[in-house]
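Counting from 1, the numbers follow the sequence of the chain as shown.
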Amino acid sequence: MIEVQTSLGIFEGKAGQVFLSYDQKALDQQKYFRGGKLIAWSVAHGGPCIKALDPCLFQLMCGQEPALEQFDWNVLPDPDVQSKVMRIQQCKTTEDMTTLRHDLEDWISECGIPGIFNAHVEDIPKIYAYVVKHYIFLRTASMIHQFTKGMNAFGKLWDIVKQNWIAFLPLFTNMHEPLSKAAFKALLTYNYSSRGTNHRQAEEDTIYSWEMILNMIEDKNEIRRPPDFYHWSR
């Protein structure tokens, strides 16, 4: 798995937080397919897997929509792109916007955001997210497709990963750092009943208790099961 990350030529970035590289020669040589197949073999035989994909990239590959407005541009592998993305994020005033358009509007437009020509300062967070998504995901779509095709060559494994992406996070991403409460909640979706119903009231009581537990975990307090745990956990 270390060799797949470092020597195959299909990944780039910091150790433990890599992105798929944009390499057409490697694509022609089916290297992304080979890398996906090797990783699938590792997973299927109880190996360590890669544990190195950037978490936002992994979520995008699994059909999720992470909050890219909060993406850390420092992890991008290209210093020039880092500089440009940083300037977008730091654009706060009308004057900043005028300078940004003058210097980078063609580059931003080429990232699939022609709206930069008419954008305002309040649009910057969304523009930032679009640029990040283009650079780490859309730009390498052909490489990602070949990579996941390689994984699917072994028992449709990527389809299983995609359907159960939260369970596979520890295998594909570096999770040495514990998840924060906010990051954990971002992985969840609550499907409530209609407002005003008895079910909705019970659900809101349950989520309130769940929030208390998350707060206790984040504060590293001992969790004591409340007497009515089995009632509200249903």
Aromatic plane relationship, Phe58 with Trp158 - under 30° parallel, 30 to 60° tilted, over 60° perpendicular: perpendicular
Candidate pair Met216 and Glu211, rule side chain to side chain contact (heavy atoms under 4.5 Å, CB included), full reasoning: CA-CA 9 Å; Met216 293 165 70; Glu211 292 278 349; over 6 Å; no
Any donor-acceptor pair under 3.5 Å linking the side chain of Tyr128 with the backbone of Phe71? yes
Using the side chain to side chain contact (heavy atoms under 4.5 Å, CB included) rule, take Val18 and Glu12 through it: C-alpha gap first, then chi angles, then the decisive distance, then the call. CA-CA 5 Å; Val18 298; Glu12 60 181 359; over 6 Å; no
Between Arg139 and Glu110, does the salt bridge (Lys or Arg N to Asp or Glu O under 4.0 Å) criterion hold? Intermediate values first, please. CA-CA 11 Å; Arg139 182 179 64 101; Glu110 289 169 2; over 6 Å; no
Asp103 side chain to Leu100 backbone, donor-acceptor under 3.5 Å: no
Going by atom types alone, do Asp78 and Gln82 pair a side-chain donor with an acceptor below 3.5 Å? no
State the NE2-CG distance between His145 and Asn152, to the nearest 0.5 angstrom. 9.5 Å
To the nearest 0.5 Å, atom CD of Glu105 lies from atom OG1 of Thr98 at 10.5 Å
Is there a side-chain contact between Gln17 and Asn174 (heavy atoms, below 4.5 Å)? no
Mark yes when over 12 heavy atoms from residues, nucleotides or ligands other than Tyr130 sit less than 6.0 Å from its OH; otherwise mark no. no
Under 4.5 Å between any side-chain heavy atoms of Lys37 and Met151, yes or no? no
With a 3.5 Å distance limit and no angle check, can you tell me whether Thr197 reaches the backbone of Ser194 through a side-chain donor-acceptor pair? yes
Side-chain touch Ile88/Ile127, heavy atoms, less than 4.5 angstrom: yes
How about Glu122: does its CD atom have over 12 heavy atoms from other parts shown lying under 6.0 Å from it? yes
Has the side chain of Ser83 got a donor or acceptor atom that lies under 3.5 Å from a matching backbone atom of Pro79? no
Taking atom CE of Met143 and atom CG of Leu27, what is their separation to the nearest 0.5 Å? 4.5 Å
Heavy-atom neighbours of His134 NE2 exceed 12 at 6.0 Å: yes
Around atom OH of Tyr208, are there more than 12 heavy atoms from other residues, nucleotides or ligands closer than 6.0 Å? no
Would you say the side chain of Phe172 lies within less than 4.5 Å of the side chain of Ile39, judging by non-hydrogen atoms? yes
Distance only, no hydrogens: is a donor on one side chain within 3.5 Å (strictly under) of an acceptor on the other, for Trp73 and Tyr135? no
State, yes or no, whether a side-chain contact exists between Thr173 and Ile50 at a heavy-atom distance under 4.5 Å. no
Least distance between heavy atoms, Gly9 atom then Asp23 atom: O-OD2, 4.3 Å
Determine whether a donor-acceptor pair (N or O, by modelled atom type, separation under 3.5 Å) exists between the side chain of Gln5 and the backbone of Phe11. no
Between Tyr32 and Ile144, does the side chain to side chain contact (heavy atoms under 4.5 Å, CB included) criterion hold? Intermediate values first, please. CA-CA 8 Å; Tyr32 297 93; Ile144 291 170; over 6 Å; no
Is there a path of hydrophobic side-chain contacts, each under 4.5 Å between heavy atoms, that joins Leu214 and Met212? no
Go through it in stages, so that I can follow the logic: the residues are Asn215 and Trp210, the test is side chain to side chain contact (heavy atoms under 4.5 Å, CB included), and I'd like the CA-CA distance, side-chain angles, deciding distance and then a yes or no. CA-CA 9 Å; Asn215 287 333; Trp210 173 236; over 6 Å; no
Using modelled atom types only, decide if a donor and an acceptor are shared between the side chain of Ser21 and the backbone of Ile10 within a distance under 3.5 Å. yes
Donor-acceptor check, side chain of Asp123 to backbone of Ala119, threshold 3.5 angstrom: yes or no? no
Is a side-chain N or O of Arg200 found less than 3.5 angstrom from the main chain of Tyr192, in a donor-acceptor match? no
Using the side-chain hydrogen bond (donor to acceptor under 3.5 Å, both in side chains) rule, take Gln201 and Asp205 through it: C-alpha gap first, then chi angles, then the decisive distance, then the call. CA-CA 6 Å; Gln201 181 61 49; Asp205 291 344; 3.2 Å; yes
Rounded to the nearest 0.5 Å, what separation is found between the CZ atom of Arg87 and the CD1 atom of Ile108? 9.0 Å
Does Val75 reach the side chain of Phe19, with side-chain heavy atoms less than 4.5 Å apart? yes
Nearest-0.5 Å distance that lies between atom CD1 in Ile113 and atom CD1 in Ile116: 7.5 Å
Counting only N and O atoms by type, is there a donor-acceptor contact under 3.5 Å from the side chain of Gln146 to the main-chain atoms of Phe33? yes
Can you check whether Val132 reaches Phe137 side chain to side chain, under 4.5 Å on heavy atoms? no
Tell me, do Glu203 and Ser193 make a side-chain contact under 4.5 Å, heavy atoms counted? yes
Answer yes if the side chains of Asp106 and Ser109 hold a donor-acceptor pair under 3.5 Å, and no otherwise. no
Answer yes or no: are there more than 12 heavy-atom neighbours, outside Asp80 itself, under 6.0 Å from its atom CG? yes
To the nearest 0.5 Å, what is the distance between CD1 on Ile136 and CE on Met61? 10.5 Å
Scanning both residues in full, the closest heavy-atom pair of Cys49 with Ser42 reads N-OG, 3.0 Å
Report yes or no: does Asp54 contribute a side-chain atom to a donor-acceptor pair with the main-chain N or O of Leu57 at less than 3.5 Å? yes
